[in-house]
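Below is one structure, written out as structure tokens; comments come after it.
Since the structure is predicted, the reported quantities are computational estimates derived from the model, not experimental observations.
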Amino acid sequence: MLNHFKISIKKDLEQQLNTRFNQEISIIVEEPKKAELGDLSVPVFSIVKTLRKPLPQIVDIVKEELTKVGDAAYFNKIDSVSGFINITLNRTKFSELVINDFDNTDSYGQNEFGQGKTICIDYSSPNIAKPFSIGHLRSTIIGHSLGNILEKCGYNVVRINHLGDFGTPFAKTIYAYLNWGNQEIVEQDPVNELVKLYVEFNEKAKLDPNLDEEARKIFNELEQGNETYVKLWEYIREESLKDYMKVYDLLGVRFDSYNGEAFYNDKMQAIVDELKEKKLLIKDQGAMIVDLGDDIPPALIQKTDGATLYITRDLAALFYRKNTYHFDEVLYVVGNEQKLHFTQLKRVVDKMGYDFAENIHHINFGLVLQDGKKMSTRKGKIVKLEDVLNEASTMSLDYINEKNPGLENKEEIATHIGVSAVVFNDLKNYRTNDFEFNLEEMVNFAGQTGPYLQYTSVRIQSILDSALNTTNKMNYDLFEGEHYFDILKNISLYEDIIIKARLEYAPSILAKYLLNLASLFNSFYAKERVLVDDEVERNTKLHLLKMTKDILNDGMRLLGMQVILKM
RNA sequence: GACUCGGUAGCUCAGCAGGAUAGAGCAACGGCCUUCUAAGCCGUCGGUCGGGGGUUCGAAUCCCUUCCGAGUCGCCA
């Protein structure tokens with residue numbers, strides 16, 4: 001709502017000034033740094049420049065024009081301080097407007113930004129035969145949260161888990177299994193044993209480069225449909241997926257499609273043919289490439305031995321998705337280090353003559369670092385996500401036992417708190433920043449954390465549960481109070497925050513907003529007793545609390561956190 | 001070497017389509033529970049916004065340069 005004011009004031013004021021001076025004038029409506037200066041602000045320096053009139057004169061003119069804009073009825077006062085014109089809203093009227101708006105909406109913040117449009121999101125996409133690591137967490141929860149945010153914006157969202165179930169690393173695991181693996185041991189604990197084999201392969205390959213050659217052979221035969229290898233592949237895929245589903249269940253993550261790389265195995269030839277037909281494919285040093293210009297390296301489509309590569313499969317997947325889902329946009333939630341790959345992917349699509357290259361977005365995110373260095377599976381330094389989530393849940397349970405030992409369903413709630421703490425710890429940071437793996441920080445329950453949001457929501461819930469409401473009369477004058485109005489102003493920004501998070505593909509924008517809202521509420525809570533005797537005052541406060549709680553809960557849901565009622 | 005991303009308080013980060021005295025949390029220190037959940041609230045301490053130039057009425061924000069860290073750079077994904 002506050003944003004609507006900004007937009008409409010800007011529009012009205014510009015139009016009025018354009019008419020008055022008969023020239024293009026563009027102004028800015030922003031929020032002052034300090035709340036005590038006002039609610040909205042118009043800096044006039046740029047107008048002084050374009051009109052070449054003294055500043056005091058411009059200030060007077062803009063002040064005068066401001067009294068004529070459409071929203072002027074909501075203004076309480078217009079001051080000026082050194083080139084800034086500050087508008088203070090009539091808090092009572094503005095509050096009534098926001099509250100009515102809230103009450104008349106089923107799902108506050110829901111908008112029609114993406115009405116009728118489809119977006120495919122490729123996220124999580126773990127490489128099978130390896131445990132689900134902390135490294136996969138980022139893609140999984142950023143993608144999941146973006147999906148939720150996009151749905152809130154009215155998009156039809158197709159969630160795709162593009163499993164890494166093909167490629168030479170996979171062939172390495174098969175080689176190791178067949179040559180020195182033990183079937184019984186592997187069957188006991190498939191995923192963990194298989195990754196051991198993979199790590200072992202890499203160690204041995206360092207001493208014996210022939211192994212890499214063997215793995216490439218296996219991969220080739222697998223691609224051709226060798227029965228033994230395909231059976232093994234099916235077994236490994238199934239066991240891995242079983243393992244991952246445990247984590248997805250814990251996180252509440254779901255997908256519409258689990259079509260991984262293997263699914264596109266028979267769809268790549270068509271891509272190769274099309275590239276050939278369009279004369280884009282060039283033979284270079286024995287391999288087939290597409291030249292992409294001087295600024296970036298060419299895309300390797302086929303290896304010397306004829307086997308396909310990552311980008312070939314991604315192209316096949318891309319066209320399959322385009323033809324199946326008819327997406328308006330496709331998002332790839334994949335780490336920073338693959339930036340070049342997606343630049344190449346887009347460039348190839350563009351070269352092929354399709355116009356949707358610009359609708360392909362690499363939603364990159366920072367690396368998970370350990371001691372400032374990239375984590376790597378090859379060295380076996382893997383941190384299993386399941387262990388992290390369990391650790392966080394155990395710590396939550398300890399906390400509950402200390403703070404609220406009589407709580408019912410302790411274990412379940414502890415899991416919700418622990419998992420959400422890990423999720424929030426990730427999403428609160430802007431996604432492209434690198435991420436230092438630090439368990440202590442993840443399960444720290446004080447300050448800017450998931451539990452802080454849950455705690456705030458639970459506190460409100462607790463009051464609402466015990467509240468006796470005897471009236472529906474509101475006293476909007478209460479919103480003259482700073483601590484009331486601060487909360488309300490923030491509530492009015494919810495929809496804008498969601499749209500901003502959508503435009504920047506950044507759940508962290510929503511996360512920071514929720515922290516701020518929770519903080520404002522907790523300050524309010526310390527100052528005001530809610531369940532007072534005066535029934536109109538009580539009802540007004542309860543109304544404010546309910547709005548706050550609804551937004552906190554909805555926001556947490558969008559981030560992929562669990563909403564709990566007690567803790 | 002080329003290209004990309006980052007460098008803001010002791011630590012983790014926000015702010016960056018230029019705007020008013022640079023903001024949070026953690027840590028440290030000091031307060032606040034006979035009243036709705038203290039996983040909270042209030043306060044104190046803490047900053048040459050990596051360095052140097054430039055553009056501008058105004059720069060953490062834009063441009064150039066330099067230092068530091070990370071990532072990527074044809075047969076892995």
Pairing partner of [N] (Watson-Crick or G-U wobble, both distances under 3.5 Å):
N     : answer
B:C73 : B:G1
B:C41 : B:G31
B:A20 : none
B:G6  : B:C68

May I have all residue pairs that pass ring-ring contact (aromatic ring centres under 6.0 Å, His included) and include part of residues 402-422 of chain A, sequence neighbours excluded?
none
Over how many whole Å does the gap from [X] atom [atom1] to [N] atom [atom2] extend?
X      : N     : atom1 : atom2 : result
A:I282 : B:C75 : CD1   : P     : 17 Å
A:E337 : B:C76 : CD    : C1'   : 12 Å
A:D305 : B:C75 : CG    : P     : 12 Å
A:Q344 : B:C73 : CD    : C1'   : 9 Å
A:K130 : B:C76 : NZ    : P     : 14 Å
A:N86  : B:G19 : CG    : C1'   : 12 Å
A:K6   : B:A17 : NZ    : C1'   : 13 Å
A:E213 : B:C76 : CD    : P     : 10 Å

With the 90 degree cut-off around zero defining syn, does B:G74 come out syn or anti?
syn
Within 90° of 0 counts as syn, otherwise anti: where does B:C67 fall?
anti
Distance between the [atom1] atoms of [N] and [M], in whole angstroms?
N     : M     : atom1 : value
B:U37 : B:A27 : C1'   : 26 Å
B:U48 : B:U44 : C1'   : 24 Å
B:G40 : B:C26 : C1'   : 16 Å
B:G51 : B:G69 : C1'   : 16 Å
B:U56 : B:G47 : C1'   : 25 Å
B:C13 : B:A70 : P     : 16 Å
B:G6  : B:G50 : P     : 12 Å
B:G18 : B:G31 : C1'   : 41 Å

Determine whether any donor atom in the side chain of A:D295 lies under 3.5 Å from an acceptor atom in the base of B:A2, or the reverse, and answer yes or no.
no
Decide yes or no for [X] and [Y]: does some side-chain heavy atom of the first lie under 4.5 Å from some side-chain heavy atom of the second?
X      : Y      : answer
A:V290 : A:I282 : no
A:N336 : A:D434 : yes
A:Y513 : A:K500 : no

Could you tell me how the ring of [X] sits relative to the ring of [Y]: parallel (under 30°), tilted (30 to 60°) or perpendicular (over 60°)?
X      : Y      : answer
A:F342 : A:Y332 : tilted
A:H483 : A:F524 : tilted
A:Y264 : A:Y320 : perpendicular

If you look at every strand shown and take non-hydrogen atoms under 4.0 Å, does [X] touch a base, only sugar-phosphate, or nothing?
X      : result
A:Q454 : nothing
A:E261 : sugar-phosphate
A:I289 : base
A:P43  : nothing

Dump the intermediate steps for salt bridge (charged side-chain N to carboxylate O under 4.0 Å, His left out) on A:D39 and A:K6, then the final yes or no.
CA-CA 10 Å; A:D39 300 306; A:K6 282 191 209 167; over 6 Å; no
Contact state string [nucleotides 8-16 of chain B, B base, S sugar-phosphate only, - no protein heavy atom under 4.0 Å]:
----SSS--
Take nucleotides 34-45 of chain B nucleotide by nucleotide from the 5' end and write B, S or -, depending on whether a protein heavy atom sits under 4.0 Å from the base, only from the sugar-phosphate, or from neither.
-BBBSBSSS---
Position toward the 5' end of RNA chain B (nearest nucleotide), A:N444 or A:K339:
A:K339
Considering heavy-atom distances to RNA chain B, does A:T168 or A:P297 have its closest nucleotide positioned more toward the 5' end?
A:P297
Ring centroids of A:F45 and B:G58 base under 5.5 Å with planes under 30°
no
Checking salt bridge (charged side-chain N to carboxylate O under 4.0 Å, His left out) for the pair A:D426/A:R138: CA distance, chi angles, key distance, verdict?
CA-CA 7 Å; A:D426 190 321; A:R138 303 217 70 193; 3.0 Å; yes
What's the spacing between A:I296 CD1 and A:R347 CZ if we round to 0.5 Å?
4.0 Å
Residue of the set A:T471, A:T470, A:T540 for which side chain to side chain donor-acceptor pair (under 3.5 Å) holds with A:E535
A:T470
Salt bridge (charged side-chain N to carboxylate O under 4.0 Å, His left out) between A:K217 and A:E213: does it pass, once the steps are laid out?
CA-CA 6 Å; A:K217 259 190 225 161; A:E213 194 47 50; 6.0 Å; no
